[in-house]
Amino acid sequence: MAPKSLAIELYANADDSVDQRYMRQMREQDTTPVRTDPSLPRFTLLVGPSPFTMPRGWEFFLTSPYEGATYISTVLHNAGYPVRIVDVRYDLDPLKSAYDQIVGQTDVLGVCTFEDNFPFCRELMAKVREAEPNVPIICGGSLVTSVPHIFMDSTDCDVAVISEGEITILELMESYSAGKWEQDLPNIHGLWYKTAEGETKRTRPRGQMMDLDALPRMRLDLWPQAQSPMGLQPQIISSYSRGCKMDCSFCYRTTPQVRAKSPEKMDRDMAWLKSQYNIDFSFFVDLTFSSHRRQTLEICDVIKDHDIRWTCLTRCADMDVPRINAMRDSGADIILYGVESLGSEVLREARKGSSENLTVRAMRTTFDAGVRFGSLLIVGLPNESEESLNHMVDFAESYNHVTRVKYLSAMPGTTVYKQAVGSGTIRSEIDHLNWLSIEQALHEDEFLNVSGLDEQMCRDAYKRIYDAYQPGPVMDFRHYPENFQYFHPQSDDGLARSTDYAGQGWRAQWSSGAGPLAPGSERYTLDQCASPETAAAGSSLMRSGAKLMGDTAATGQA
């Protein structure tokens, strides 16, 4: 077996007697939730801002409740804790908004971390610690899992929950409520934590739950959107599995081992979401939805009974006629494929396990079934050449099937990240985490030029692929936040398959939308966060959104 590229503790199994006890508790309390007990510590779960844009028709993904925060809040709610979610993804001043909703209003703070919100997390935790020195701060999510040493050394995080958090948060809060943290923390699996003396310790890995059927039904009403005038949107981010059988060099997985819910559990979950929240569309974020044929057919049989449209992520190598027909018949609108590149040397270096032939075969199989094919592409992977990049551009423009393009990001914990640190392309890890907070997935973004290709060539390719986008599946979205921003109106409708789906002028007002960059983002441009050589290779020809913020601040213009 090939060596694993991610931290070895991610491949552990959560299957000892303590894990089994909390999984039984989750099952029982899903059926019969404990009444909220005001004597228990109040728990606030914070969801911070992200600058990431989504193309026209995919805006729902940025605003939807998502599984990680929902499951953590649900298991605590079902156990009787007073729990609430503070969501500041689209506030103009998310730091102030979060602070105002936390200080004096919680006993324990949980912070959701993801790759592009490190500066926000660090600054928010510092402000809360100054105002509320006795409120413990727990961080969870993909970023803290990938770089726990940075959070423990450079932030006010007290406890970092590694990988899955449902079992761990129940054990943590049970211990905290009993006033036993000091004696219990060394024995709670899956943590990095600070002692009373400020020393960082780590415990035995917890790993992944073996039985995803123990997960509760998601309580979406815990999100603040449920109390807003418009109510919850009818689109949901969901999954039936966790993990990925692949080991791509650029991808970070907090749960690399593949685990799946049973069809019976999936059926109960979907019936709940449909009856309680009127869900009519689901984005299944399983990393490889169709990786096992029999399982795919079984899950599609379940989905078919609930009358929803849906989309998912999968691999070109994991598609055939039986699978795509089952997906079509159960309501699939578009299937997103991790194409990344067509260059054979690029795909080999990235450990994709794919090829141009597999991509074309999957595309034709998908089109022949009457389902839309969505390419996910990356500009600037290692080993990309001028020839292979131009070939990818021609491919995108010929078929008008692109859903997303982005420059390569060196995500913490990945092989690409480790290589960039080793080569000096990443000058310091903290600088890099700060810089990731300004990536918007727009062609004017700054980028780490690890391919060595000419910057103008990369930008021209990106723009042409971006202009080859097809419509997303929710063109009638109604839940736009007040402070949403819109980018790059495009009068070119693309091929007939786009206008047949979305009508004329489907992106005439904007091609992408997102929340605003957080105030202070101008501090994290590449010329401030990398070596002059790195900055010159990927940020010399265009001004990113963060750099434009700096221009505005310098001139004093609004």
May I ask you to check whether Y501 and W506 place their ring centres under 6.0 Å from each other?
no
How would you list, by chain and number, every residue that makes a side chain to side chain contact (heavy atoms under 4.5 Å, CB included) with D329, sequence neighbours excluded?
none
Is a donor from one side chain sitting under 3.5 angstrom from an acceptor on the other, for S290 and T314?
yes
Decide whether N13 and Q257 meet the rule of one side-chain donor and one side-chain acceptor closer than 3.5 Å.
yes
For residues I465 and H443, determine if any side-chain heavy atom of one lies less than 4.5 Å from a side-chain heavy atom of the other.
no
Minimum heavy-atom separation for P65 to L232, with atom names?
CG-CD2, 4.0 Å
Mind checking what makes side chain to side chain contact (heavy atoms under 4.5 Å, CB included) contact with K418, not counting sequence neighbours?
none
Checking H292 now: which residues fulfil ring pair (Phe, Tyr, Trp, His ring centres under 6.0 Å) with it, not counting sequence neighbours?
none
Value rounded to 0.5 Å, distance of NZ in K274 from CG in D307:
4.5 Å
What is the distance from atom OG1 of T74 to atom CG of L215, rounded to the nearest 0.5 Å?
10.0 Å
Determine the minimum heavy-atom distance between F60 and P473, stating which atoms define it.
CE2-CG, 4.2 Å
Crowding at CZ, R364 (>12 non-hydrogen neighbours, <6.0 Å):
no
State, with a plain yes or no, whether a side-chain heavy atom of R89 is found less than 4.5 Å away from one of S50.
no
Distance (rounded to the nearest 0.5 Å) between S73 OG and M218 CE
10.0 Å
Can a donor-acceptor pair be found, under 3.5 Å and without considering hydrogens, that links the side chain of S163 to the backbone of T254?
yes
Under a 4.0 Å N-O cut-off, is there an ion pair linking D467 with K463?
yes
Taking only residues at least two apart or on different chains, which pairs with a member in residues 373-388 satisfy side-chain hydrogen bond (donor to acceptor under 3.5 Å, both in side chains)?
S341-E384, S375-H401, E384-S388, S385-S388
Correct closest heavy-atom pair for L6 and Y11 would be CB-OH, 3.7 Å
Report yes or no: does N400 contribute a side-chain atom to a donor-acceptor pair with the main-chain N or O of L495 at less than 3.5 Å?
yes
When rounded to the nearest 0.5 angstrom, what distance separates CG in L436 from CG in L448?
8.0 Å
Do any N or O atoms from the side chain of E164 and from the backbone of M209 form a donor-acceptor pair under 3.5 angstrom?
yes
Less than 6.0 Å separating the ring centroids of F484 and Y486?
yes
Ignoring hydrogens and geometry, is there a side-chain-to-backbone donor-acceptor pair from T359 to S355 under 3.5 Å?
yes
Donor-acceptor contact below 3.5 Å, side chain R56 vs main chain A508
no
Quick one: list whatever passes side-chain hydrogen bond (donor to acceptor under 3.5 Å, both in side chains) with E340, sequence neighbours left out.
K352
Can you list the residues that meet the salt bridge (charged side-chain N to carboxylate O under 4.0 Å, His left out) rule with E9, with sequence neighbours excluded?
R202
State the CD1-CG distance between I236 and L273, to the nearest 0.5 angstrom.
5.5 Å
Pairing donors with acceptors under 3.5 angstrom, does anything connect the side chains of R507 and S498?
no
Please enumerate all residues that pass side-chain hydrogen bond (donor to acceptor under 3.5 Å, both in side chains) together with Y469, with sequence neighbours excluded.
none
Ring pair (Phe, Tyr, Trp, His ring centres under 6.0 Å) partners of W310, counting only residues at least two apart:
F284, F289
Is the closest side-chain heavy-atom distance between K265 and L212 below 4.5 Å?
no
Say whether S239 and E67, considering side chains only, have a donor N or O and an acceptor N or O under 3.5 Å apart.
yes
Do E115 and Y252 have a side chain donor and acceptor closer than 3.5 Å?
no
Would you say the side chains of S451 and N449 form a donor-acceptor pair under 3.5 Å?
yes
For the residue pair S344 and E356, confirm or rule out a side-chain donor-acceptor distance under 3.5 Å.
no
Are S142 and M411 side-chain neighbours, meaning at least one heavy-atom pair lies under 4.5 Å?
no
Measure from the side-chain N and O atoms of Q419 to the backbone N and O of A410, and report whether any donor-acceptor pair falls under 3.5 Å.
no
For the side chain of D492 and the backbone of G494, is there at least one donor-acceptor N/O pair under 3.5 Å apart?
yes
With I72, which of T168, L222, L45 fulfils side-chain contact (heavy atoms from CB on, under 4.5 Å)?
L45
Are any non-hydrogen side-chain atoms of C300 and R328 less than 4.5 angstrom apart?
no
With a 4.5 Å heavy-atom cut-off, do M363 and F395 have their side chains touching?
yes
Sequence neighbours excluded, which residues qualify as side-chain hydrogen bond (donor to acceptor under 3.5 Å, both in side chains) partners of D19?
R206
Can you list everything that forms a side chain to side chain contact (heavy atoms under 4.5 Å, CB included) with A441? Sequence neighbours excluded, please.
F52, T53, R404, Y462
pair T70-I237: side-chain heavy atoms closer than 4.5 Å:
no
Considering all heavy atoms of both residues, which atom of A317 and which atom of G353 are nearest to each other, and what is their separation?
CB-O, 4.3 Å
Take the angle between the ring planes of F283 and F61 and call it parallel below 30°, perpendicular above 60°, tilted in between.
tilted
Less than 4.0 Å between a side-chain N and a carboxylate O, is that true for R268 and E264?
no
Decide yes or no for R464 and E397: does some side-chain heavy atom of the first lie under 4.5 Å from some side-chain heavy atom of the second?
yes
Which atom of C244 lies closest to which atom of R253, heavy atoms considered
CB-CG, 4.4 Å
Minimum-distance pair of heavy atoms, taken over all atoms of C458 and L453
SG-CB, 3.8 Å
Closer than 3.5 angstrom, by distance alone: can the side chain of D318 be matched with the main-chain N or O of R315 as a donor-acceptor pair?
no
Among all residues two or more places apart in sequence or in another chain, which pass the side chain to side chain contact (heavy atoms under 4.5 Å, CB included) test with R217?
D30, D269, W272
Spell out, as yes or no, whether a donor-acceptor pair under 3.5 Å connects the side chain of H432 to the backbone of A420.
no
Is a side-chain donor-acceptor pair under 3.5 Å present for Y417 with E429?
yes
Distance col, row I299:CD1 vs K304:NZ, nearest 0.5 angstrom, shows 13.0 Å
Contacts of T366 that satisfy side-chain hydrogen bond (donor to acceptor under 3.5 Å, both in side chains) - sequence neighbours left out
Y337
